[in-house]
Amino acid sequence: MVRVPFRAAADRVRHRLTRFTRPKSAARTTARTPGDLTGAAPKPYVRALSMLAVVVIGAWLGLLAVGSIRTPVGPMDTNMTLRPSLTGGSKINVSPLGALELDSHIAPLRLDVDVDRLDPVRSQALVDQPERFSGLQDEVTRDVAAGTRELAVRSCVAVISGATALGLVVYRRPRRALAAGGLALTLLAASGVSAYATWNPKSVLEPKFSGLLSSAPSLVGDARSIVTEFDIYQQELARLVTNVTRLYDATSTLPVYQPDPGTIRALHVSDIHLNPAAWHIIASLVEQYEIDVIIDSGDTMDHGSAAENGFLDPIRDLGAPYVWVRGNHDSMVTQAYLEKFRNVRVLDDGRTVNVAGLRIAGTGDAQFTPDRSKPVGGKAAVELEGMRLATSLRDQEQAGTPVDIAVAHDPNTARQTDGTVPLVLAGHLHNRINEQLKGGTRLKVEGSTGGGGLRAVQNDKPEKVRASVLYLDRSTRRLQAWDEITLGGLGLTTAEVSRHLPEENLKKDAPSSPAPTPSPTRSPARPTPSP
């Protein structure tokens with residue numbers, strides 16, 4: 001008799017599992033007909049692993065089939081789905097603008113929220129009745145809570161049904177199939193407990209943006225509002241919905257970014273390594289973020305030769321003061337050429353300048369590595385240079401003119417300034433580091449704004465382009481927040497912006513009064529230049 005395709009497929013799956021779970025001796029000596037599961041029992045751990053595989057695959061198929069719900073969240077229609085994941089977290093897809101990723105929890109399940117569309121009736125009601133914005137955060141919180149409960153119930157049914165059905169197909173025993181369904185429910189419950197135990201409501205303070213949403217300041221507001229208004233999850237969720245509503249209402253053009261007059265914006269770049277594209281990126285960031293000062297922590301060149309000096313000429317037209325320290329690929333010839341530029345402040349030997357309301361000190365790198373004719377001093381030389389810089393910083397403080405930011409190229413130099421300055425910037429490593437040193441100084445190492453320069457083509461994958469926007473309070477000149485901008489390297493067109501707050505700001509108590517409600521009046525939109 002010819003079997004139906006489904007029955008034949010089930011027999012093949014069952015037969016293959018039987019081959020793995022049956023001892024080899026039994027396979028050789030026991031003659032068995034297809035579908036016969038009798039004979040020598042498999043080893044317990046093999047049986048357990050095969051059961052676990054059936055449970056995981058069945059639960060996953062169940063989630064794919066029926067493990068999602070469609071629910072309204074404020075003026076938006078969304079699809080909420082649980083997906084298997086190694087890291088957990090939540091992802092909010094806002095088509096066609098991009099996505100936001102939140103480190104909301106640690107569990108083998110990720111929450112995906114797809115924003116399908118704005119309901120025109122509910123959106124128009126918000127526009128016509130601005131007073132409804134004041135209650136939007138409560139409405140959003142209720143919608144999300146209701147959707148989460150419904151999703152939890154739907155997911156339980158999905159994983160139990162999927163695991164039980166696959167168990168019945170593979171084992172053809174109702175008892176084993178029910179055991180698979182029960183184990184699936186247990187695993188889902190354990191994942192829920194893990195997500196609850198590691199739930200981080202403050203994850204919305206440090207989202208990672210991609211796509212058009214990489215213009216993060218337009219969504220999350222200015223640095224001062226981050227410190228004072230971003231402590232309560234429900235308030236931020238409502239603000240997110242409000243801003244996304246306005247983005248759609250503006251026909252997918254981002255609203256104008258209003259700078260906070262009490263915030264100084266500094267752009268930290270490093271390790272450009274003769275990449276001419278870096279100047280276009282920097283100029284775009286200066287305009288988009290309304291940068292007050294650019295700080296370059298060195299290695300602008302590759303060999304430091306006089307022939308390379310023409311590469312530096314675009315610095316004159318970047319539209320902001322340029323503070324620079326020498327890197328180990330920059331020569332004294334490079335430094336002398338930059339000292340002639342009117343908008344450039346070259347720092348060396350602890351020199352201090354006042355620019356854009358900040359007092360900045362720095363020193364050039366103790367080594368020039370392209371010169372193979374002279375020995376390099378290694379780590380000891382750069383640490384000694386850092387000690388000299390620290391001494392200069394202490395002298396400044398004793399004179400009543402403390403420094404706000406110190407700059408060096410090598411992180412080993414920068415670490416020597418711990419306890420003498422609130423913030424020290426460095427580069428050299430082509431990777432980002434953010435570290436609170438023991439003495440209270442925050443060390444921020446920037447990646448390569450030139451994507452590693454021409455040498456990046458030697459790598460298997462293009463090195464990413466990195467820069468950071470630092471937000472500092474104008475009165476205290478302390479760091480409030482920073483945006484990490486990451487662009488795709490050679491041949492790539494990806495863009496991400498992630499916002500971060502210092503730990504001391506995250507620990508502040510929430511404001512006693514609710515955050516001011518965003519005004520419904522929309523500013524005229526203008527296109528935001530892409531980096």
Side-chain angles (χ1 to χ4, degrees), residues 207 209 212-230 239 243 246-247 250 253-270 278-297 314-324 342-345 353-360 404-405 407 423 425 444 446 449 465-487 495-502 505 518-519 521-531:
F209 299 87
L212 290 178
L213 296 184
S214 58
S215 295
S218 299
L219 270 181
V220 295
D222 53 56
R224 180 175 292 274
S225 65
I226 288 177
V227 176
T228 60
E229 300 174 17
F230 278 34
R239 183 180 292 273
N243 286 319
R246 294 178 180 176
L247 287 178
T253 57
L254 298 177
V256 62
Y257 177 62
Q258 297 291 342
D260 179 1
T263 300
I264 302 172
R265 291 165 173 78
L267 177 64
H268 182 200
V269 301
S270 189
W279 302 130
H280 299 282
I281 294 169
I282 293 172
S284 177
L285 292 173
V286 167
E287 180 181 358
Q288 178 177 348
Y289 286 84
E290 302 194 9
I291 297 298
D292 297 301
V293 58
I294 305 166
I295 303 176
D296 186 340
S297 49
I315 292 178
R316 294 187 174 98
D317 302 319
L318 291 179
Y322 200 93
V323 177
W324 182 85
R342 295 183 60 183
N343 66 320
V344 174
R345 309 289 188 271
V353 296
N354 293 307
V355 57
L358 297 171
R359 189 164 178 81
I360 307 173
D404 305 313
I405 301 176
V407 190
L423 176 64
L425 306 179
K444 288 191 61 59
E446 189 52 77
T449 309
V465 175
R466 295 178 170 92
S468 295
V469 178
L470 312 178
Y471 301 92
L472 301 104
D473 184 86
R474 189 171 295 275
S475 58
T476 65
R477 296 175 300 282
R478 292 302 180 100
L479 185 66
Q480 288 184 314
W482 66 92
D483 288 343
E484 293 180 351
I485 296 101
T486 305
L487 309 178
E496 291 183 353
V497 174
S498 55
R499 173 151 291 179
H500 302 270
L501 275 73
N505 288 348
S519 169
T521 304
R522 190 179 72 239
S523 301
R526 63 172 173 87
T528 303
S530 58

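Values in this document were obtained by computation on a predicted structure and should not be read as measured data. The chain is numbered in sequence order, starting from 1. Computation of the quantities below employed the complete heavy-atom set of this structure, encompassing side-chain atoms and omitting hydrogens, waters and symmetry-equivalent molecules.
- When the side chain to side chain donor-acceptor pair (under 3.5 Å) test is applied to Asn343, no partner is found at least two apart in sequence or on another chain.
- A donor-acceptor pair under 3.5 Å is formed between the side chain of Glu446 and the backbone N or O of Ser468.
- Residues forming a side chain to side chain donor-acceptor pair (under 3.5 Å) with Trp482 (at least two apart in sequence, or on another chain): Glu484.
- Not counting sequence neighbours, the partners of Asp404 by the salt bridge (charged side-chain N to carboxylate O under 4.0 Å, His left out) test are Arg477.
- Note that OH of Tyr471 is 11.0 Å distant from CG of Leu501, once rounded to the nearest 0.5 Å.
- Residues forming a salt bridge (charged side-chain N to carboxylate O under 4.0 Å, His left out) with Arg345 (at least two apart in sequence, or on another chain): none.
- Applying the side chain to side chain donor-acceptor pair (under 3.5 Å) criterion to Ser270, with sequence neighbours excluded, gives Ser297.
- Taking CD1 of Ile264 as the start and CG of Leu479 as the end, the distance is 11.5 Å to the nearest 0.5 Å.
- Considering CD1 of Ile295 and CG of Leu358, their distance stands at 6.5 Å, rounded to 0.5 Å.
- Rounding to the nearest 0.5 angstrom, the gap separating the CG atom in Leu472 from the CZ atom in Arg265 is 10.5 Å.
- The distance from the CD1 atom of Ile405 to the CZ atom of Arg359 is 13.0 Å, given to the nearest 0.5 Å.
- In this structure Arg478 satisfies the salt bridge (charged side-chain N to carboxylate O under 4.0 Å, His left out) test with no other residue, sequence neighbours excluded.
- Considering Val469, Val293, Thr449 as possible partners of Leu267, the one that fulfils the side chain to side chain contact (heavy atoms under 4.5 Å, CB included) test is Val469.
- One finds the CD1 atom of Ile315 at 7.5 Å from the CD1 atom of Ile282 (value rounded to the nearest 0.5 Å).
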